[in-house]
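See structure below.
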Amino acid sequence: MSAGCQKTTSRAIPGTRRVIINDAAHMPHEYSTTPGGTLFSTTPGGTRIIYDRKFLLDCRSSPVARTPPRCLPDIPGVTSPPSAHANNDTSLQGHTLETLNNNCNLPTEKSAGEDAQFEMDI
Amino acid sequence: MNNKFDALKDDDSGDHDQNEDSGSPKECEKEESDEEDKEQNTAKKKTVVPGAGEHPLQYNYTFWYSRRTPGRPASSQSYEQNIKQIGSFASVEQFWRFYSHMIRPGDLTGHSDFHLFKEGIKPMWEDDANKSGGKWIIRLRKGLASRCWENLILAMLGEQFMVGEEICGAVVSVRFQEDIISIWNKTASDQATTSRIRDTLRRVLNLPPNTIMEYKTHTDSIKAWEDFHGLVNASGGR
């Protein structure tokens, strides 16, 4: 009893559980849960590709997410396609990014995206 | 591509104006424009595909931008500028590529909108996917639009709404004294769906409990638009 470390017995990983949904009433009330109560990446009605906000924001910093899109139309004041500035300066692309506040390079941007949801008055 | 944009939703701010236009497809996405000619509803055939190692989305989406030209337009320029297709994406990474090269809605000037719709669904009431649908509208005081829009579209792209195929797209409308965000769904009469969307909106936008959320069917929007234009024509025409 006084032996500090109790040994825990190991258990098998629970097998797959299937939950059949026949009625909307069987759906959980919380959106973050699935029938059966565990968070799965699949939902009734078939597998759906679900991402939460944090995951999506994390993807923003990946190198592929930072290359400019192909064929971005140049809408002054709205979009900033790199081709529109290509004749100015090759280093301008970095500037272009910085002028748009959606820059993904800035660490501050990232933390801003991560912080708790804001309070607001409407 | 279909050029009939005459009832592009624009009722949010309460004023209705000329909306005829074309979102001329970009030549470089040719498969996409062909696609749009053929299919109005949620395109099953994917035109953009996720790149290697990218995170696919449940659906492909298209960004649109529209802006009301001040004054009485009808010039080909305003026609051209009213709505533009910015581009389509199929993965999380492709989304960020567009988003990071677009201004935030809160920094837009004038009477303008960003639309993010599933690929193949046009941001207009008459689209097959929208015609029996409606939208939740939330009016925001100035300064909140960028943040709310980002949270809204991330929830949509990440399939947080849990309403199957019901979501059509989202819109942020920058207006003079307020901004409006809305999310469109297919079946206005499906109350289980619309309430689920409302509850998810509250959650993902972290809305205070007293926030006013309004559901509006597109049928009502069209009616209001027609009434308004009927009045304009009747008084202006004679």
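Note that the coordinates shown come from a computational prediction; the quantities given were computed from them, not determined experimentally.
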Using the rule given for side chain to side chain contact (heavy atoms under 4.5 Å, CB included), can you reason through B/Glu150 versus A/Leu57, listing the C-alpha separation, both sets of side-chain angles and the distance that settles it, and then say yes or no? CA-CA 10 Å; B/Glu150 185 172 292; A/Leu57 288 168; 3.7 Å; yes
Note to self: Assess, by modelled atom type and distance only, whether the side chains of B/Arg97 and A/Thr67 contain a donor and an acceptor separated by less than 3.5 Å.
What the structure shows: yes
query: Below 4.5 Å, heavy atoms only, C-beta onward: do B/Val204 and A/Arg53 meet side chain to side chain?
result: no
**Prompt:** Counting N and O atoms only, with roles assigned by atom type, does the side chain of B/Gln160 sit under 3.5 Å from a partner on the main chain of A/Tyr51, one being a donor and the other an acceptor?
**Reply:** yes
* To do: Examine distances only and state if a side-chain atom of A/Arg66 and a backbone atom of B/Trp96 form a donor-acceptor pair shorter than 3.5 Å.
  => no
In short, ring-ring contact (aromatic ring centres under 6.0 Å, His included) pairs touching residues 185-215 of chain B with sequence neighbours left out are B/Trp136-B/Tyr215
Contacts of B/Ser132 meeting side chain to side chain donor-acceptor pair (under 3.5 Å) (sequence neighbours excluded), chain-then-number -> none
Taking the side chain as every heavy atom from C-beta outward, state whether B/Met102 and A/Val78 have any atom pair closer than 4.5 Å.
-> no
When rounded to the nearest 0.5 Å, the distance separating OG of A/Ser62 from CD of B/Glu54 is 7.5 Å
Exercise. Quick check: does any side chain N or O of B/Glu159 sit under 3.5 Å from a backbone N or O of A/Ile49, one acting as donor and the other as acceptor?
Worked result: no
From CA spacing to verdict: side chain to side chain contact (heavy atoms under 4.5 Å, CB included), B/Tyr59, A/Arg48:
CA-CA 10 Å; B/Tyr59 298 97; A/Arg48 295 185 86 76; 2.8 Å; yes
Are A/Leu72 and B/His101 side-chain neighbours, meaning at least one heavy-atom pair lies under 4.5 Å? yes
Checklist entry - Are the side chains of A/Arg60 and B/Ser100 in touch, meaning some heavy atoms are under 4.5 Å apart? => result yes
- Query: Would you call A/Thr79 and B/Ile103 a side-chain contact if the rule is heavy atoms closer than 4.5 Å?
  - Reply: no
Bottom line for B/Pro56: the part with an atom under 4.5 Å from chain A's heavy atoms is both
Pairwise side-chain contact, B/Leu154 with A/Asp52, heavy-atom cut-off 4.5 Å (strictly under)
no
The interface call for B/Phe114 against chain A, heavy-atom contacts under 4.5 Å, is side chain
Interatomic distance, CG@B/Leu57 vs CD1@A/Ile50, rounded to 0.5 Å, equals 12.5 Å
When every non-hydrogen atom of A/Gly77 is compared with those of B/Leu108, the smallest separation belongs to O-CD2, 4.4 Å
